[in-house]
Q: 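Below are the structure tokens for one structure; questions will follow.
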Amino acid sequence: MSLDASVAVRRGPLDVQLDLAVADGEVLAVLGPNGAGKSTLLRVLAGLLPPEDGRVVVDGTEVWDDVGQGRHLPAHERRLGMVFQDGLLFPHLSVADNVAFGLRSRGVPRTPARTAALGWLDRVGLAGLGDRRPGQLSGGQAQRAALARALVGDPALLLLDEPLSALDARTRLTVRAELRRHLADFGGSTVLVTHDPVDAMALADRVVVVEEGRIAQAGTPADVSRHPRTDYVARLVGLALLPGTGAGTTVRLDGGGAVAVAEETVGPVFIAVRPESVALYLDPPHGSPRNVWPARLVSATPHGSTVRCELDGEVQLIADVTAAAFAELGLAPGSAVWAAVKASEVAVYAR
Amino acid sequence: MPRRAPLVLSVAAALVLTACGGPADEAGGAAGTTSGTGGHPTGTLTVFAAASLTDVFTDLGDRLEEDNPGLDVQFSFAGSAALATQITQGAPADVFASANQAQMTVVTDAGLADGDPVVFTSNVLQIAVPAGNPAGVTGLADFAREDLALAVCAPEVPCGAAAEDVFAAAGVTPRPDTLEEDVRAALTKVELGEVDAALVYTTDVTAAGHAVEGLDFPEAEDGVNDYPIAPLADAPNPAAAAAFVELVRSEEGQEALADAGFRAP
Amino acid sequence: MSRREAGVPVPLMVPAALAVAFLVLPLIGLVVRTPWADLPDHLTQPAVGVALRLSLVSATAATALSLLLGVPLAWVLARSRIRGRAVLRALVTVPLVLPPVVGGVALFLVLGRQGLVGRWLDETFGLTIPFTTTAVVIAETFVAMPFLVISVEGALRAADARFEDVAATLGAGRWSTFRRVTLPLVAPGIAAGAVLCWARALGEFGATITFAGNFPGTTQTMPLAVYLALQRDPEAAIVLSLVLLAVSLATLLLLRDRWLGRSVAT
């Protein structure tokens, strides 16, 4: 199950032209600011909006859209599941009936549909809540139910439209971690639309940054954040996201080394470090920072008044330093430096 | 169908515009004969009159205005029952002309009439049929036929009461499809060809023009409807009220009524 | 001072109180003028029961017909992108401004014996509509359906159309989406529209007496009976009005409790 899409569509002043390919089991994040055309892309893939040009092909042979051939498969005939920003559970149906909706639409009899729905509610941690009304669920529970509703029909393509943005910060962490697990189990292709780089980094195998309807950059999350091709991408995805295991106020990184953090954590986590919070020194600094590592400067890319520095060493980091400081330090690719980060500047996400 | 359009429009317009007054000034109004009331009345005269009097009274009002510069005659034409109710509720009218005795009695019983009402004209029933009489209606007995669409006025309204009288006199048990709330409504259904016959007043047939034909029948004499008129006790303009009643009863007034299909009392 | 907790600002309170007085005082007038002593006599007249039953049956049938035709029309007005929708909407609301009597004449021109469709019905099937209970239902539907259409269209516009997108992504076709998602979502609006429509149909006079005529048992509904009673016996008319009022109030209160009340609660 794979997705090959090349679509062109115009929405008001916005001219969207995007090419995507997503392999089986792969999660592609489409990252960009509001109004970049991300949601428009999802609506086209879902069949809710016919493209003006292009093709959408699933599994290599299943043609969902082919403007040249005049083919447009309506949304309800596509094997897909979609999760919307604020869940959009049908308010007049129970949670179980919401989850069973897709199966019933596709002709599954009532009883097996309900059994499957309850099974999925169990999988997303909502066992026993099937008879509730959506209004009686918390935001996180509603989004889990929405995910179950999208996945219960075993779709070829899963579309996630800002699935976490309506949640409060705390709920977001837990739901994001669960979403990651379910995506890992999902055999089809996933397209995740988000404006939050953390979502993209934590959930996606590949990232496509969209700017004004065009692809600004594509690659793995680490690649895009290390080698941003435009100022915009640099500002948006400057994040270093490293997996590790929490033990108190220390996170032991999977790639080796340890990071001191401000809050206590336990179990698998990501730590995230923004490039502007990484300071570079030629000699080991003394004083407050608890996180200091030796590193080698791999590449340096100027962006406006700052220089994005890619660092290699025990801990893979990215640093933004001002052009003046960069010159003062006399840095060049290959230089040996010390990188320092305050514990309070390290964000931790459950994984 | 195209030939019917003007009729249909006029019917619709008439329905909308009922109570908005009658036709415009009649050309070359004849000289009035309203002397003898002691000078020319002025001010505003308000006449409450049965709807069937609309055309004749509007015409007579114009003549009275012509003879009496400074006099403004206003009419309120409606069903007699509605007018009687309005008068007992204190409506500021000078004259009341009713289409039957019963509604005049409502006013006199309330002590609101100035003197005894006088019958100034009467109206007899006619059988109204659509132009050409497509159903071949010949007389009152046809109102017992079940295969015809027939309209009769409801017994609650004057023309219905008169209809009951003529049917009783003729020994006919009518089988109407609808009991109409007033003569005009019955006539509309004849004009539209939706009923084969309706029992209405002669004056209404006369006023309806070419779309409707009237058939006289002998039993009509048993359902004659008398029209009483009276100035009102609380009339704001008693002089003008007297002048109007006098005009209606004058030879000139009676001629105008006869032209419209009314009969002498 | 503690009155402030009621939370109704004076500039709203005063006109609202005036509105209540304006709407309720005439009803009180009716009640005050009711000849209570003669009430049993008036009420036990068989004609009253016949007219009341006919009114309830025909208003309910007209509401059912309005739902059957009006809800789909409201959907077309709110959701479809057909051309000339604005014109269509204006046309649909014409019965609201048309004097009902003219509406009755217009119905004759279409469905009467000599009407465009009526003549064909008569010649082909021997069916004539005027002066039948069917004509009452048609006249009431003609006048009352716009109320339903406007309410339901408003509810559809206010409803979140994204739910329909969700249903589509879950494999539901447009009809299935309408039935399983749209309809339940706007159910409170449909209920409100149906109540409005029923109330209007129950009070309908002009179009009914013109197109259906007036005959006890087949076409004489309560408003017609009231009007005619007014010609001869105003007291009887007041009693009849009171009966119509009581029955419609009771029905509306009952429905509101068990129907609107519940959907608002969820």
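Proteins come first, then strands; the chains are lettered A, B, ... in the order of their sequence lines, and each starts at number 1.
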Q: By side chain to side chain contact (heavy atoms under 4.5 Å, CB included), which residues pair with C:Ala172, not counting sequence neighbours?
A: A:Phe101, A:Ser105, C:Ala167, C:Ser176, C:Thr177
Q: Counting only heavy atoms not in C:Arg179 (residues, nucleotides, ligands), do more than 12 fall under 6.0 Å from its CZ?
A: yes
Q: Is it the backbone or the side chain of A:Leu89 that comes under 4.5 Å from a heavy atom of chain C, or both, or neither?
A: backbone
Q: Please report the closest heavy-atom contact between A:His92 and C:Arg180, naming both atoms and the distance.
A: NE2-O, 2.8 Å
Q: Can you confirm whether more than 12 heavy atoms, excluding those of C:Arg53, are under 6.0 Å from its CZ atom?
A: no
Q: More than 12 non-hydrogen atoms from neighbouring residues, nucleotides or ligands closer than 6.0 Å to CZ on C:Arg89, yes or no?
A: yes
Q: Please list, in residue-number order, every residue in residues 138-150 of chain C that has a heavy atom less than 4.5 Å from any heavy atom of chain A; write 'none' if there are none.
A: none
Q: Mind checking whether A:Leu93 and C:Val181 have side chains closer than 4.5 Å, heavy atoms only?
A: no
Q: Between chain C and each of A:Gly153, A:Pro91, A:Gly135, count heavy-atom pairs under 4.5 Å; write down the option with the most.
A: A:Pro91
Q: Between A:Phe90 and chain C, with a heavy-atom cut-off of 4.5 Å, which part of the residue counts as in contact: side chain, backbone, both or neither?
A: both
Q: Counting C-beta onward and ignoring hydrogens, is there a side-chain heavy-atom pair between A:Arg149 and C:Val166 closer than 4.5 Å?
A: yes
Q: Sequence neighbours left out, what pairs pass salt bridge (charged side-chain N to carboxylate O under 4.0 Å, His left out) with at least one residue falling in residues 80-94 of chain A?
A: A:Asp86-C:Arg162
Q: How long is the span from the CG atom in A:Leu159 to the OG1 atom in C:Thr169, to the nearest 0.5 Å?
A: 8.5 Å
Q: What's the separation between atom CG in C:Leu170 and atom NE2 in A:His76, rounded to the nearest 0.5 Å?
A: 12.5 Å
Q: For chain C, find its close neighbours in residues 39-55 of chain A: heavy-atom separation under 4.5 Å, sorted by number, or none.
A: A:Arg43, A:Ala46, A:Leu48
